[in-house]
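Since we're looking at a predicted model, the values are computed, not measured.
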Amino acid sequence: MTETPAEPKSATPGSTQGTTAVADFGIDTAQRGVRQAVGDYFARLSGGQLGALPALGGLVVLFTVFTVLSPQFLTLGNIANLLTQGAGITVIGMGLVYVLLLGEIDLSAGTASGVTAAVWALHLKVDGNLLGGMGSWVFYLTLVAMALSAVMAVLTKLHVAAIPPVLALVIMLIGLPANPWLEMLLALCIGTAIGCLTGFLVAKVGIPSFVVTLALFLAWQGVVLLYIGEGGTLAVNDEVLFNVANGNLSPLGSWVLFLLAAGGYAAVVLSRHFGRLKRGLVVQPTVLVGIKVGVIVVLAAAATYALNLNRSPNEAVVIQGMPYVVPIVLGLLVLGSFVLDRTRYGRHVYAVGGNAEAARRAGIDVTKVRMSVFVICSTVAAIGAIILSSKVGSVDPQAGGGNTLLFAVGAAVIGGTSLFGGKGRVRDAIVGGAVIATIENGLRLLGEPAAVVSIVTGLVLLLAASVDALSRRRSAAAGVR
């Protein structure tokens with residue numbers, strides 16, 4: 001016996017648009033109270049949707065432990081050092097989030113950042129004469145690589161990515177004199193070119209990302225040696241470049257940054273909330289939204305006030321203000337979050353990461369999306385290279401090697417980005433980067449050797465991967481993606 005379908009309810013004459021929306025999309029317009037919203041949150045946690053909560057909890061525990069064990073840990077100078085110490089790794093991790101969202105991996109992100117650092121540092125040293133600095137055959141091979149990268153971008157229909165390699169080629173051919181802003185631009189262009197090469201081999205040729213990036217991890221180490229020479233070091237002899245990771249905003253500039261960042265955040269969140277409320281869409285209770293915004297604004301104000309105090313141990317020297325790396329990381333966070341959360345491209349990334357075949361059938365250019373994430377990763381890694389090189393004041397043959405990649409991947413995963421694809425946010429790398437920097441900083445203050453730092457960091461990464469796997473299993477059992 002078949003049932004007769006129920007007749008759809010029609011809106012009565014004179015009903016408002018909001019009433020019609022409630023009738024047709026009741027689940028989207030049901031308003032929730034504070035108790036129900038809190039209950040829904042805990043239901044999501046029990047269903048395995050943990051997000052960055054484990055990392056935030058771990059960060060609180062680490063701060064508490066190191067504060068108790070080391071009286072120097074919570075000093076203003078050390079907190080400012082924490083911000084700059086973890087910035088380079090965090091930025092590289094922010095780029096890796098895009099790759100991880102597709103369930104891919106980029107093992108070459110660290111050494112690729114070393115290549116970008118070597119090129120701009122060499123360009124700075126030889127005042128733009130890269131032909132003389134590299135030698136003929138290395139110079140011309142680099143030009144060919146730039147041209148090939150642009151061609152690969154065009155073949156994959158990622159036309160915007162073809163512009164930076166061409167620009168790098170022009171800068172190298174013309175031999176423009178050294179300039180700090182030109183060096184940073186050159187680093188970004190080289191990073192984009194590397195991303196085009198990596199992405200093309202993975203997305204167009206079809207080689208697994210693990211194999212491609214492992215091969216390039218080794219290759220880029222050799223390229224750095226060609227640019228710098230074994231045992232050589234390129235000093236960062238420029239005040240602007242050195243201050244990227246070692247300089248600070250003025251107290252006034254710090255408060256302006258606070259107003260822009262905290263005020264902008266509050267304006268976006270509240271306008272979005274009241275806009276949805278006005279249209280009758282589902283929203284969090286206004287009280288909870290207000291508390292969330294208020295807490296973040298108060299914490300940002302407290303941090304700005306504290307960092308504007310003099311933190312120099314020498315009475316003759318004044319060190320105050322927000323480190324320059326803070327607005328850099330915040331800018332990347334805002335841009336990255338906007339791209340992933342508010343653009344069609346961001347939705348395509350999550351769609352491909354969730355189910356590539358379904359995304360292809362929905363009309364998404366999976367090849368183009370897959371290549372684009374490697375381009376973004378390498379370009380952002382170039383920014384991380386600038387910060388790391390600025391921090392140490394030089395570029396050596398080990399630039400981007402060692403634990404750089406492992407810590408960057410760890411930052412993204414510890415923060416909550418899934419290794420299985422489809423789940424993650426750019427902010428995850430910031431939280432995870434803070435965890436890694438805190439572990440390293442705190443253990444160093446306690447006098448622990450590098451071996452202990454590596455062991456503890458590895459165990460934390462293993463724990464984060466285990467939490468991710470268990471939460472995915474829990475989500476699957478609960479029927480939640």
Q: Please determine, by modelled atom types, if Y98 and S372 share a side-chain donor-acceptor pair under 3.5 angstrom.
A: no
Q.
If only side-chain N and O atoms count, and only distance matters, is there a donor-acceptor pair under 3.5 Å linking Y227 with T142?
A.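 Short answer, yes.
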Measure across [X] and [Y] and return the closest heavy-atom pair with its distance rounded to 0.1 Å.
X	Y	value
K423	L101	C-CD2, 3.5 Å
T192	P165	CG2-CD, 4.3 Å
F258	V297	CE1-O, 3.5 Å

Measure the [atom1]-[atom2] distance between [X] and [Y] for me, rounded to the nearest 0.5 Å.
X	Y	atom1	atom2	value
I387	I89	CD1	CD1	10.5 Å
L148	L143	CG	CG	11.0 Å
I79	L307	CD1	CG	8.5 Å

Q) Of V380, I383, L388, which is the lone residue that meets side chain to side chain contact (heavy atoms under 4.5 Å, CB included) with I92? A)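 Filter result, single survivor: L388.
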Expected output: side-chain [X] to main-chain [Y] donor-acceptor under 3.5 Å:
X	Y	value
E440	I436	no
T417	G424	no
S271	V268	yes
T213	L107	yes
T84	N81	yes
T111	G114	no
S389	I386	no
N246	S390	yes
H123	L176	yes
N403	L406	no

Q. Should D341 and R347 count as an ion pair when the cut-off is N to O under 4.0 Å?
A.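 Salt bridge absent between D341 and R347.
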Q.
Counting only heavy atoms not in F210 (residues, nucleotides, ligands), do more than 12 fall under 6.0 Å from its CZ?
A. no
